[in-house]
Amino acid sequence: MHASRWWAAWGLALAGACVAAPAPERMFQVRHVAGLTATVVEHDDDATLDIDFDRIGGGLARFTHCREVRAERLAQVQPSQATLARMLQLNCQALHRYVSSRPAHRSLLPGRWSVAAVGSLPGPTLPRLVPAAAASAGTETLSHAVGRRRISVGADGVARVRSAELLALYHLLARADFDADGLEDWLLRIDWAALHGDARGSELVLVSRVRRGAPVQVLWRAEP
């Protein structure tokens with residue numbers, strides 16, 4: 001190769017190496033929100049619903065918008081449907097947080113939702129109401145907490161994490177910058193059920209990696 005051609009090729013390679021990675025896409029997975037009628041959510045007014053619960057004393061408690069999802073109305077729902085009502089409450093909280101977020105400039109999180117990505121999540125994302133959660137405190141990853149073979153991701157995009165005590169379904173609801181630091185964060189809803197007994201519930205957790213090489217950490221968790 002002539003020196004001039006080698007120099008040109010080297011210059012092109014160097015230019016390519018200097019191109020910044022594209023900014024991560026801001027997105028909300030509406031398919032993971034049962035009863036949501038909107039296909040795109042960018043404003044609070046977009047959070048329209050079509051979902052009914054059985055009301056204590058008879059009749060239906062109908063919700064047509066997230067602004068109607070208030071504690072006093074959820075208290076009217078039959079106790080047998082309380083877990084679903086809690087999931088609705090968390091979904092609406094997630095939608096509100098998303099419309100208040102902004103696009104991230106860059107991401108230090110995995111580029112793809114996969115078994116490896118789920119395994120890199122903090123162990124404390126396991127539900128706190130189950131004894132297994134206490135053993136996964138600190139900086140331990142989910143892979144270390146339950147074992148990578150107990151993690152799978154289905155075609156529906158839902159990650160299934162199984163421990164000796166519970167089955168947890170991890171939904172990646174949203175990717176965006178939720179805390180205005182320029183970095184991508186993941187908003188997760190975790191639905192869980194005890195394998196022995198009737199205990200079940202849902203949690204909403206925000207995670208991120210704040211510096212390269214650092215573990216993914218929990219930034220925020222919805223109050224019970």
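Take Ala34 and apply the side chain to side chain contact (heavy atoms under 4.5 Å, CB included) test, not counting sequence neighbours, and it matches no residue. With sequence neighbours excluded, no residue satisfies salt bridge (charged side-chain N to carboxylate O under 4.0 Å, His left out) with Glu25. Residues satisfying the ring pair (Phe, Tyr, Trp, His ring centres under 6.0 Å) criterion with Phe28, sequence neighbours excluded, are Tyr98. In this structure, the side-chain hydrogen bond (donor to acceptor under 3.5 Å, both in side chains) partners of Arg67, at least two apart in sequence or on a different chain, are Asp45. Annotation: side chain to side chain contact (heavy atoms under 4.5 Å, CB included) contacts of Leu108 (sequence neighbours excluded): Arg106, Leu183, Arg209, Arg212. By the side chain to side chain contact (heavy atoms under 4.5 Å, CB included) test, Val158 is found to be paired with His32, Asp156, Arg160, Leu169, His171, residues two or more places apart in sequence or in another chain being considered. Residues that satisfy the salt bridge (charged side-chain N to carboxylate O under 4.0 Å, His left out) test with Arg62, not counting sequence neighbours, are Asp52. Listed by chain and residue number, Glu72 satisfy the side-chain hydrogen bond (donor to acceptor under 3.5 Å, both in side chains) test with Arg70 (two or more places apart in sequence, or in another chain). Glu68 pairs by the side-chain hydrogen bond (donor to acceptor under 3.5 Å, both in side chains) definition with Thr64, not counting sequence neighbours. Ser114 pairs by the side-chain hydrogen bond (donor to acceptor under 3.5 Å, both in side chains) definition with nothing, not counting sequence neighbours.
Side-chain atoms of Trp113 never come within 3.5 Å of backbone atoms of Leu172 as a donor-acceptor pair (strictly under, hydrogens ignored).
Between Phe178 and Leu187 the shortest side-chain heavy-atom distance falls below 4.5 Å. For the pair Leu173/Leu188, no side-chain contact is recorded, criterion being any heavy-atom separation below 4.5 Å from C-beta on. In this structure, Pro127 and Leu166 have side chains that are in contact, with non-hydrogen atoms separated by less than 4.5 Å. Side-chain contact check for Leu126 versus Tyr170: some heavy-atom pair is nearer than 4.5 Å.
Sorted by first and then second residue, the salt bridge (charged side-chain N to carboxylate O under 4.0 Å, His left out) pairs with a member in residues 166-181 read Arg175-Glu184; sequence neighbours excluded.
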Practice item. Show the numbers, then the answer: is there a side-chain hydrogen bond (donor to acceptor under 3.5 Å, both in side chains) between Thr37 and Asp50? Key: CA-CA 6 Å; Thr37 59; Asp50 183 9; over 6 Å; no
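Residue Leu219 is not grouped with residue Val205 when hydrophobic side chains (ILVMFWY) are merged at heavy-atom distances under 4.5 angstrom, including chains of intermediate members.
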Pairs under 3.5 angstrom only: tabulate donor-acceptor contacts from the side chains of residues 86-94 to other protein residues two or more places apart or in another chain.
| residue | atom | partner | partner atom | Å |
| --- | --- | --- | --- | --- |
| Arg86 | NH1 | Gln89 | OE1 | 3.1 |
| Arg86 | NH2 | Glu223 | O | 2.7 |
| Asn91 | OD1 | Arg189 | NH1 | 2.9 |
| Asn91 | ND2 | Met87 | O | 3.4 |

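Just one of Val153, Thr125, Thr141 meets the side-chain contact (heavy atoms from CB on, under 4.5 Å) condition when paired with Val118; it is Val153.
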